[in-house]
Protein chains: 2
Amino acid sequence: MRRDIFQAIADPTRRAIIALIALQAMTPNGIAENFNTTRQSISKHLRILTECELVKQEHLGREIYYSLEIDKMKEIDKWLDQYRKIWQTRFNQLDNVLSNLKKNKK
Amino acid sequence: MRRDIFQAIADPTRRAIIALIALQAMTPNGIAENFNTTRQSISKHLRILTECELVKQEHLGREIYYSLEIDKMKEIDKWLDQYRKIWQTRFNQLDNVLSNLKKNKK
DNA sequence: TATAGATGCAACTATTCGGTTGCGCAAAAC
DNA sequence: GTTTTGCGCAACCGAATAGTTGCATCTATA
C-alpha cells in the first residue's frame with residue numbers, strides 16, 4: 001500500500017475534501033453532503049488522507065472532526081522548490097535578454 | 001483516461017523522470033538507463049507526461065529528446081498558493097503570540 | 001540496398017483504486 | 001432499555017494503472 005502525499009492529492013475528490021476542511025474541521029457526514037457519493041467513499045478518502053498525515057482527527061462524542069494538517073502541505077512546496085529555482089532562473093535569463101535588446105537599441 | 005498534472009506527478013518513477021530531464025533534455029533510452037525497468041515502461045510514462053504537457057519533445061534524426069515544460073509546474077504552485085496563504089497566516093498569528101509574550105515580559 | 005539502432009503503438013497480465021453494500025460498535029436520543 | 005445516529009471496517013466489483021512482450025516504422029550506417 002503506497003501512501004505518499006503526491007498520491008493522496010492525485011484524486012480530485014481528495015483535493016476537494018482538502019479544500020473543504022482547510023478552514024474549518026468537518027465530520028465525514030458533513031463532508032459527504034457536499035459530494036454526489038456515499039459517506040463510506042468519503043471515509044475511505046479520509047482514511048487515505050489520514051494515513052499520509054495530511055489530515056488530523058478530533059473525537060467529540062460519537063462525531064469525528066477532520067481538519068487539514070497544513071504543515072504537511074509544505075512538503076509539496078518543498079518538492080516544488082527545486083523547480084521554482086529553475087523557472088526563476090529562466091525568467092531572469094529572459095530578463096537579461098530583454099535588457100540586452102534594450103541596450104542594443106540605444 | 002484522466003490525465004491531469006496531479007495524477008502525473010503521483011507516480012514516483014514519473015517524478016524521478018521529471019527530476020532527470022529538468023536540467024537537460026534526454027532520450028527515452030538515456031532516461032531508461034537510470035532505472036531498473038524496460039525502455040517501454042519509461043516510454044509509457046513519457047507519453048503520460050507529454051499528454052498533460054509536463055514534457056515536450058524535440059526530434060533529432062531518429063532520436064527524440066524529452067525535456068521538462070517548466071511552466072506547467074507553476075500550475076501546482078498556483079494550487080498550493082491558497083494553502084500557502086493559510087500557513088503564512090498561522091505563522092503570523094504565532095508571530096503575534098510570540099511578540100505579545102515578549103511585550104508582557106518587559 | 002541490407003542491417004542495426006531508436007522509438008512508438010497495441011495486446012496482455014497482475015495489481016491497485018474508487019465506489020458500493022453490508023455489518024458491527026459506540027454514543028446520543030427517546 | 002430500546003431506538004436512532006455517526007462512524008469505521010471488510011468484502012466485493014468494475015475500471016484504471018504499471019509493467020512486459022511483440023511488432024511496425026523510421027533513420028542512420030556499412
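Throughout, a chain's letter reflects where its sequence line sits, starting with A, and its residues are numbered from 1. All values below were derived from every heavy atom in this structure, side-chain atoms included, with hydrogens, water molecules and symmetry-related copies excluded. All values reported here derive from a predicted model rather than from experimental measurement.
Remark: H45(B) is in phosphate contact with dG19(D), judged by side-chain N or O atoms under 4.0 Å from OP1 or OP2. Neither OP1 nor OP2 of dT7(C) sits under 4.0 Å from any side-chain N or O of Y65(B). For T27(A), a side-chain nitrogen or oxygen approaches OP1 or OP2 of dC7(D) to under 4.0 Å. Here T13(B) does not reach the OP1 or OP2 of dA18(D): none of its side-chain N or O atoms lies under 4.0 Å away. For N29(B), no side-chain nitrogen or oxygen approaches OP1 or OP2 of dG5(C) to under 4.0 Å. Residue Q7(A) has a polar side-chain atom (N or O) positioned under 4.0 Å from OP1 or OP2 of dC17(C).
The separation between D4(B) atom CG and dA16(D) atom C1' is 14 Å, rounded to whole Å. dC9(D) atom P lies 9 Å from atom CD of Q57(A), rounded to whole Å. When rounded to the nearest whole Å, the span between CD of E63(A) and P of dT4(D) equals 19 Å. With rounding to whole Å, R14(A) atom CZ is found 8 Å from dG18(C) atom C1'. Put simply, CD1 on I17(B) is 11 Å from P on dA18(D), counting in whole angstrom units. Atom CD of E51(B) is separated from atom P of dG8(C) by 12 Å (rounded to the nearest Å). Separating the NZ atom of K44(A) from the P atom of dT21(C) is a distance of 13 Å, rounded to the nearest angstrom. Put simply, CG on L46(A) is 14 Å from C1' on dC9(D), counting in whole angstrom units.
Comparing dG18(C), dC17(C), dG19(C) by their nearest atom to the side chain of R3(A) picks out dC17(C). When distances run from any side-chain atom of S43(B) to the nucleotides dG8(C), dC7(D), dG18(C), the shortest one goes to dG8(C). Taking only side-chain atoms of Q40(B), from C-beta outward, the nucleotide of dG19(C), dC9(D), dC9(C) with the closest atom is dC9(C). Here the nucleotide nearest the side chain of I48(B), chosen from dT21(D), dA18(D), dT20(C), is dA18(D).
In this structure a side-chain-to-backbone donor-acceptor pair under 3.5 Å is present from R14(B) to A8(B). Counting only distance, with no hydrogens or angles, the side chain of R15(B) and the backbone of I9(B) share a donor-acceptor pair below 3.5 Å. With hydrogens and angles disregarded, a donor-acceptor distance shorter than 3.5 Å links the side chain of T50(B) to the backbone of L46(B). When atom types are taken as modelled, the side chain of N34(B) and the backbone of G30(B) share a donor-acceptor pair closer than 3.5 angstrom.
Counting only heavy atoms from C-beta outward, the side chains of E53(B) and K72(B) approach each other to under 4.5 Å. Taking the side chain as every heavy atom from C-beta outward, M73(B) and D77(B) never approach each other to under 4.5 Å.
Side-chain atoms of R39(A) come within donor-acceptor range of the base of dG8(D), with a qualifying N/O pair under 3.5 Å. At a cut-off of 3.5 angstrom, the base of dT7(C) holds no donor-acceptor pair with the side chain of R62(B).
Among the heavy atoms of the strands, none lies under 4.0 Å from F35(B). Note on S41(A): a base of the nucleic acid sits closer than 4.0 angstrom, heavy atoms only.
Summary of the strand contacts: T38(A) and G61(A) both lie near DNA chain C, and taking for each the nucleotide with the nearest heavy atom, the more 5' one is attributed to T38(A).
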